[in-house]
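Just so you know, ligand 1 is whichever comes first in the structure, and atom 1 is the first atom listed for that ligand. Heavy-atom basis, side chains included; hydrogens, waters and symmetry copies ignored.
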Amino acid sequence: MDNRSVAKYVEDAEHLEMPHRLFTLVFPIDPVNNCVLLGMKKRGFGKDKYNGFGGKVEPNESIESGAIRELAEESGLLAKRVDKCGLLFFYFENDPVAMEVHVYLTSDFSGQVIETEEMAPEWYSADKMPFEQMWADDSRWWPMVLKKQKFTARFWFFSDMTTITREEIVPVKSLEF
Ligand SMILES: Nc1[nH]c(=O)nc2c1ncn2[C@H]1C[C@H](O)[C@@H](COP(=O)(O)OP(=O)(O)OP(=O)(O)O)O1
């Protein structure tokens, strides 16, 4: 997909169901050991699931600063740089607000991993992810991450928040548009 098509795709997704809310999701990567840091969510949305680190983007910050802030708050790691690898849209049955989730990888970080009130972090081999304890969509798009292929995707969830009723995953050349 070229950049103009990606922009159009995102515009369509954003207008498909209004309003939508912005979120970030960051996966710290240890490239030497091919490991990824996941957090077991201890409270709130996605409780008892492993995921990357992230949350709502505040009105006064850029999406990237939101990603770096949430990573620090939830894992103790300070990212010098994050690289966007994907853009996800989630639609939940009976919920008029769609989620727009900007997904980042970082292997340029400092600090000590700490357990926080929200997350219990744990390193996993990047090709042995605990998908049965993650959001149902993760096993669908994580292979794109492993292939270093940028992507956008849309998932429609049934009201049980588990069953995916429809999905689209589109590889893209760039997420800068
Ligand atoms: N289907 C899904 N698949 C996935 O991989 N990540 C998802 C997901 N749906 C939501 N997420 C991620 C996006 C974001 O990182 C997180 C939800 O953010 P939170 O609700 O934890 O936000 P906040 O940390 O701002 O919340 P509070 O501080 O508790 O208000 O879950």
Side-chain angles (χ1 to χ4, degrees), residues 10 13-14 16-17 19-29 36-77 79 82-106 109 113-122 124 126-146 149-170 175:
V10 171
E14 287 182 338
L16 188 69
E17 296 195 29
H20 63 283
R21 183 175 262 175
L22 277 180
F23 290 84
T24 59
L25 184 59
V26 183
F27 293 90
I29 302 284
V36 54
L37 189 69
L38 299 177
M40 169 51 78
K41 190 101 186 278
K42 292 160 63 176
R43 65 168 193 208
F45 194 72
K47 184 174 181 291
D48 296 331
K49 284 184 170 58
Y50 282 108
N51 206 347
F53 303 85
K56 297 174 199 76
V57 178
E58 302 286 347
N60 59 342
E61 67 185 354
S62 67
I63 301 174
E64 197 170 296
S65 332
I68 292 170
R69 174 185 55 72
E70 287 279 353
L71 175 67
E73 285 174 7
E74 295 182 354
S75 75
L77 295 180
V82 290
D83 297 303
K84 194 179 290 192
C85 63
L87 179 55
L88 301 168
F89 294 91
F90 298 116
Y91 307 99
F92 295 96
E93 199 176 70
N94 303 329
D95 187 346
V97 184
M99 297 180 83
E100 176 176 331
V101 182
H102 293 247
V103 188
Y104 295 87
L105 303 178
T106 178
F109 51 80
V113 175
I114 49 161
E115 179 163 348
T116 61
E117 277 182 18
E118 191 156 347
M119 286 287 207
E122 217 174 306
Y124 274 86
D127 41 27
K128 288 197 192 84
M129 299 282 272
F131 289 126
E132 67 290 348
Q133 288 171 274
M134 298 177 78
W135 281 99
D137 51 281
D138 293 9
S139 64
R140 312 295 302 142
W141 53 262
W142 186 254
M144 293 277 194
V145 175
L146 292 181
Q149 171 66 65
K150 293 186 171 65
F151 61 94
T152 63
R154 294 197 269 184
F155 295 91
W156 284 259
F157 277 89
F158 188 57
S159 52
D160 63 2
M161 313 276 272
T162 303
T163 311
I164 295 171
T165 53
R166 186 179 156 200
E167 70 180 62
E168 289 172 7
I169 307 176
V170 183
L175 288 160

Quick check on Arg69: does its CZ atom have over 12 non-hydrogen neighbours (other residues, nucleotides or ligands) under 6.0 Å away?
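Above 12, so yes.
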
Can you name the salt bridge (charged side-chain N to carboxylate O under 4.0 Å, His left out) partners of Lys42, sequence neighbours left out?
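For Lys42 the salt bridge (charged side-chain N to carboxylate O under 4.0 Å, His left out) partners, ignoring immediate neighbours, are Glu115.
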
Which of parallel (below 30°), tilted (30 to 60°) and perpendicular (above 60°) describes Phe157 and Phe155?
tilted

Mind checking what makes ring pair (Phe, Tyr, Trp, His ring centres under 6.0 Å) contact with Phe151, not counting sequence neighbours?
Trp141

When you look at Lys41 and Glu118, which way does the salt bridge (charged side-chain N to carboxylate O under 4.0 Å, His left out) test go after all the steps?
CA-CA 6 Å; Lys41 190 101 186 278; Glu118 191 156 347; 3.8 Å; yes

Between the protein and ligand 1, which nitrogen or oxygen pairs come in under 3.5 Å, and how far apart is each?
residue	atom	partner	partner atom	Å
ligand 1	1 (N)	Asp137	OD1	2.8
ligand 1	3 (N)	Asp137	OD1	3.2
ligand 1	3 (N)	Asp137	OD2	3.0
ligand 1	3 (N)	Asp138	OD1	3.4
ligand 1	5 (O)	Asp138	OD1	2.6
ligand 1	5 (O)	Asp138	OD2	3.3
ligand 1	6 (N)	Asn51	ND2	2.9
ligand 1	15 (O)	Thr24	O	2.7
ligand 1	21 (O)	Lys41	NZ	2.8
ligand 1	21 (O)	Glu118	OE2	3.3
ligand 1	24 (O)	Glu118	OE2	3.2
ligand 1	25 (O)	Lys56	N	3.0
ligand 1	26 (O)	Lys56	NZ	3.1
ligand 1	30 (O)	Lys56	NZ	2.9

Once side-chain contact (heavy atoms from CB on, under 4.5 Å) is applied, do any residues pair with Met40, and if so which ones, sequence neighbours excluded?
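With neighbours one apart ignored, the set is Tyr50, Ala120, Gln133.
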
